[in-house]
*Asks:* 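Structure provided below as structure tokens; questions to follow.
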Amino acid sequence: MPSSLPLFPASLPFADRARGAVPVVRVAPEAFPGWLKVAPARLRRWARATHFRAEAGAVLPVPGREGEIARVAFVQTDDAGPWDYARLPAKLSPGAYRLEGDTPPAAADALALGWALAAYGFDRYRSPKKKNTLDGAVLVWPKTADRAAVVRAAEATYLVRNLVNVPANDMGPGDLATAARALARRHGARMTEIVGDALLKKGYPAVHAVGRAAGPGRAPRLIDLNWGRAGAPRVTLVGKGVCFDTGGLDLKPSANMKLMKKDMGGAAHALGLAHMVMAAKLDVRLRVLIPAVENSVSGDAMRPLDVVRTRKGLTVEIGNTDAEGRVILADALAEAADERPALIADFATLTGAARAALGPELPALFCNDDGVADALLAAGKSVFDPLWRLPLWAPYGKMIEGKTADITNAPESGFAGAITAALFLERFVESSVPWVHLDIMAWNVAASPGHPEGGEAMGMRALFALLADRYGRGPRRKS
């Protein structure tokens, strides 16, 4: 990873105070006619002259006597989330703005987070003349906002986006380890890694099998970060860290290979969530396990119908070298389960089948514990970070049975691909250990307010809300 690439934003678009900040008033669509009725006549005339329509998301800049913007009316519903508020700064001229009137805490948090995420830009590789301009609208911190919560959520999202957006030539397994080490230093955590042939000696043969073809310069590794007091409930995060995926010998078509720098998005999410947990000082014994590899092509590459041994002892028949993510996760999940933590959660850009079922914006949730699943779905809804649960449908387990090995990584039927991938992973987690598997896209295919095209965090804030509710101060209510 280039040393000049920051993991976190140098600054966020906020100010403690700003002289002359333009007031912004939030008005619900149904309340706008009454609000306008008692507004100054000049404002009423301006709204009529501009044919203003009071729809959710509409912005009405009101000119002052000298032609300056005197105030801004922002039409928004009371249950608006960060992405609704992210529309606002893009419609404002550069300068400082402040909320006017009483703002419920949850609305203040949503506004501030949406404002921060709308300011994100990735221009590390642009020449100075073509760099993104982020010197736009600045928000005076709303009095009722939870600054610490907003900052850690924004920083974690920037971290995920930055790591995913870096091209693979600068984000190999070693570079990903460098990023994890920098995060560990920031929070006083301990990070170790097992690299190359040492994976065989230490009992991680599946990680080695997938990553060995990349050669010594990009040797596979297991990144292991630990933080928190001894005796606290154990929470283990696992992130798929395929820094680039050619598909191996079952080579991907060029159109499918183009975005494969994002195949380490699960690892980026695990690190982003770890940052939130450590910044909030949740009372957990946190462990982050990232199998980091590059799925390359060489004379040493894993072949179709090879049989790969795993840390758990199960053997895997390689039906397709392009289904490598679940193979490396097998070793990491087995290691995680050995400690019998209170919760294991993995993030992985695992299947196109999940995208076909739910689209690029809605992560698929699999979970072996109904109580945990229900709580996580509710948490995602509360923080506007939605998930959709798909079943660990046991009858489909027959699809992953191997012919020459215990299981196969690529069932021949092609049906229920996201489910069979989750069932594969489930074989490496003890049934007594609550386990969450998030099959994510980690990428915005098109820009929308607060969501620039490129790397994206999905499900991370939802899982943090669940952890905060259990092991710290929970998310704030919408009222």
*Asks:* Do V238 and V288 make a side-chain contact, defined as non-hydrogen atoms from C-beta onward lying under 4.5 Å apart?
*Replies:* no
*Asks:* Kindly compute the distance separating CE (M260) from SG (C243), expressed to the nearest 0.5 Å.
*Replies:* 12.5 Å
*Asks:* I would like to know whether R309 and H208 meet side-chain contact (heavy atoms from CB on, under 4.5 Å); could you show each step before the answer?
*Replies:* CA-CA 10 Å; R309 298 190 178 276; H208 184 271; over 6 Å; no
*Asks:* Decide if atom CZ of R218 counts as having more than 12 heavy atoms of other residues, nucleotides or ligands within a radius under 6.0 Å.
*Replies:* yes
*Asks:* Indicate whether the side chain of D79 and that of T77 have a donor and an acceptor atom separated by less than 3.5 Å.
*Replies:* yes
*Asks:* Give a yes or no answer on whether the side chain of Y204 reaches the backbone of A198 with a donor-acceptor pair at less than 3.5 Å.
*Replies:* no
*Asks:* Picking from L392, L343, D369, V372, what satisfies side-chain contact (heavy atoms from CB on, under 4.5 Å) with W435?
*Replies:* L392
*Asks:* Answer yes if the side chains of S296 and E294 hold a donor-acceptor pair under 3.5 Å, and no otherwise.
*Replies:* yes
*Asks:* Using a strict 4.0 Å threshold on nitrogen-to-oxygen distance, state whether E155 and R186 make a salt bridge.
*Replies:* yes
*Asks:* For the residue pair A177 and M191, what are the closest heavy atoms and their distance?
*Replies:* O-SD, 3.7 Å
*Asks:* Return yes if a side-chain donor-acceptor contact under 3.5 Å exists between N444 and E453, otherwise no.
*Replies:* no
*Asks:* Taking side chain as C-beta onward, heavy atoms only, is E324 less than 4.5 Å from V242?
*Replies:* yes
*Asks:* Please name the residue in the list L423, L438, I419, L425 that meets the side-chain contact (heavy atoms from CB on, under 4.5 Å) test with F366.
*Replies:* I419
*Asks:* Which pair of non-hydrogen atoms, one from I328 and one from A206, has the smallest distance, and what is that distance?
*Replies:* CG2-O, 4.2 Å
*Asks:* To the closest 0.5 Å, what do you measure between OG1 (T408) and CE (M399)?
*Replies:* 12.5 Å
*Asks:* So, for W227 and H187, is the gap between ring centers shorter than 6.0 Å?
*Replies:* no
*Asks:* Determine the minimum heavy-atom distance between V195 and A219, stating which atoms define it.
*Replies:* CG1-CB, 3.9 Å
*Asks:* When you measure from the side chain of N409 to the backbone of A323, do you find a donor-acceptor pair of N or O atoms at a distance under 3.5 Å?
*Replies:* yes
*Asks:* Please report the interatomic distance CG(D338) to CG(L333), rounded to the nearest 0.5 Å.
*Replies:* 11.0 Å
*Asks:* Using side-chain heavy atoms (C-beta onward) and a distance below 4.5 Å, is I290 in contact with L222?
*Replies:* no
*Asks:* Using the side-chain contact (heavy atoms from CB on, under 4.5 Å) rule, take M257 and F244 through it: C-alpha gap first, then chi angles, then the decisive distance, then the call.
*Replies:* CA-CA 9 Å; M257 199 188 301; F244 193 79; 3.7 Å; yes
*Asks:* Is the backbone of V307 close enough, under 3.5 Å, to the side chain of T315 for a donor and an acceptor to pair up by distance?
*Replies:* no
*Asks:* Taking R389 for its side chain and L365 for its backbone only, find out whether a donor-acceptor pair lies under 3.5 Å.
*Replies:* no
*Asks:* Taking atom NZ of K398 as the centre, does the number of heavy atoms from other residues, nucleotides or ligands within less than 6.0 Å exceed 12?
*Replies:* yes
*Asks:* Looking at R427, is its backbone amide N or carbonyl O close enough to the side chain of K312 to form a donor-acceptor pair, meaning the two atoms are under 3.5 Å apart?
*Replies:* yes
*Asks:* Donor-acceptor check, side chain of H437 to backbone of F347, threshold 3.5 angstrom: yes or no?
*Replies:* no
*Asks:* Sub-3.5 Å donor-acceptor pair from the side chain of D385 to the main-chain atoms of R461, do we have one?
*Replies:* yes
*Asks:* Given side chains that start at C-beta, do those of V160 and E456 come closer than 4.5 Å, heavy atoms only?
*Replies:* no
*Asks:* Closest approach of L387 and A462, non-hydrogen atoms and distance?
*Replies:* CD1-CB, 4.2 Å
*Asks:* Find out whether the Lys NZ or Arg CZ of R311 is both under 6.0 angstrom from the six-membered ring centre of F428 and within 45° of the ring's axis.
*Replies:* no
*Asks:* Measuring from R124:CZ to N165:CG, what's the distance to the nearest 0.5 Å?
*Replies:* 13.0 Å
*Asks:* Measuring only between side-chain heavy atoms, which start at C-beta, is L12 closer than 4.5 Å to Y158?
*Replies:* yes
*Asks:* Looking only at heavy atoms, which two atoms of P449 and A86 are closest? And how far apart?
*Replies:* C-CB, 3.7 Å
*Asks:* Within the distance-only criterion (no hydrogens, no angle test), does the side chain of K262 pair as donor or acceptor with the backbone N or O of M441 below 3.5 angstrom?
*Replies:* yes
*Asks:* Go through E317 and L305 one step at a time and tell me if the side-chain contact (heavy atoms from CB on, under 4.5 Å) criterion holds.
*Replies:* CA-CA 6 Å; E317 180 182 290; L305 294 187; 4.0 Å; yes
*Asks:* Could you please spell out the steps behind the side-chain contact (heavy atoms from CB on, under 4.5 Å) verdict for M302 and V308?
*Replies:* CA-CA 9 Å; M302 182 174 65; V308 173; 4.1 Å; yes
*Asks:* Counting only N and O atoms by type, is there a donor-acceptor contact under 3.5 Å from the side chain of W115 to the main-chain atoms of A137?
*Replies:* yes
*Asks:* Between V436 and I344, is any pair of side-chain heavy atoms under 4.5 Å apart?
*Replies:* no
*Asks:* Are K240 and D346 ion-paired here, with the side-chain N under 4.0 Å from a carboxylate O?
*Replies:* no
*Asks:* Is R229 atom CZ crowded by more than 12 heavy atoms from other residues, nucleotides or ligands, each under 6.0 Å away?
*Replies:* yes
*Asks:* Count the heavy atoms of every other residue, nucleotide or ligand shown that sit under 6.0 Å from CD of E361, and state whether that count exceeds 12.
*Replies:* no
*Asks:* Are the side chains of D439 and R355 in touch, meaning some heavy atoms are under 4.5 Å apart?
*Replies:* yes
*Asks:* From the options V210, L199, D197, select the one residue that forms a side-chain contact (heavy atoms from CB on, under 4.5 Å) with P220.
*Replies:* L199
*Asks:* Does R161 make a cation-pi contact with Y120 (under 6.0 Å, within 45 degrees of the axis)?
*Replies:* yes
*Asks:* Do K202 and E335 sit within salt-bridge range, that is, some charged N less than 4.0 Å from a carboxylate O?
*Replies:* no
*Asks:* Have T310 and D331 got a donor and an acceptor in their side chains that come within less than 3.5 Å?
*Replies:* no
*Asks:* Measuring from atom CD1 of I318 to atom OG1 of T404, what distance do you get when rounded to the nearest 0.5 angstrom?
*Replies:* 10.0 Å
*Asks:* Under a 4.5 Å cut-off applied to non-hydrogen side-chain atoms, are K261 and M171 in contact?
*Replies:* no
*Asks:* Any donor-acceptor pair under 3.5 Å linking the side chain of D84 with the backbone of G81?
*Replies:* yes
*Asks:* Can you tell me if T246 and N295 form a side-chain donor-acceptor pair at under 3.5 Å?
*Replies:* no
*Asks:* Report the distance from atom CD1 of I223 to atom OG1 of T192, rounding to the nearest 0.5 Å.
*Replies:* 10.0 Å
*Asks:* Considering non-hydrogen atoms only, spot the tightest contact between G247 and T321 and give its length.
*Replies:* O-OG1, 2.6 Å
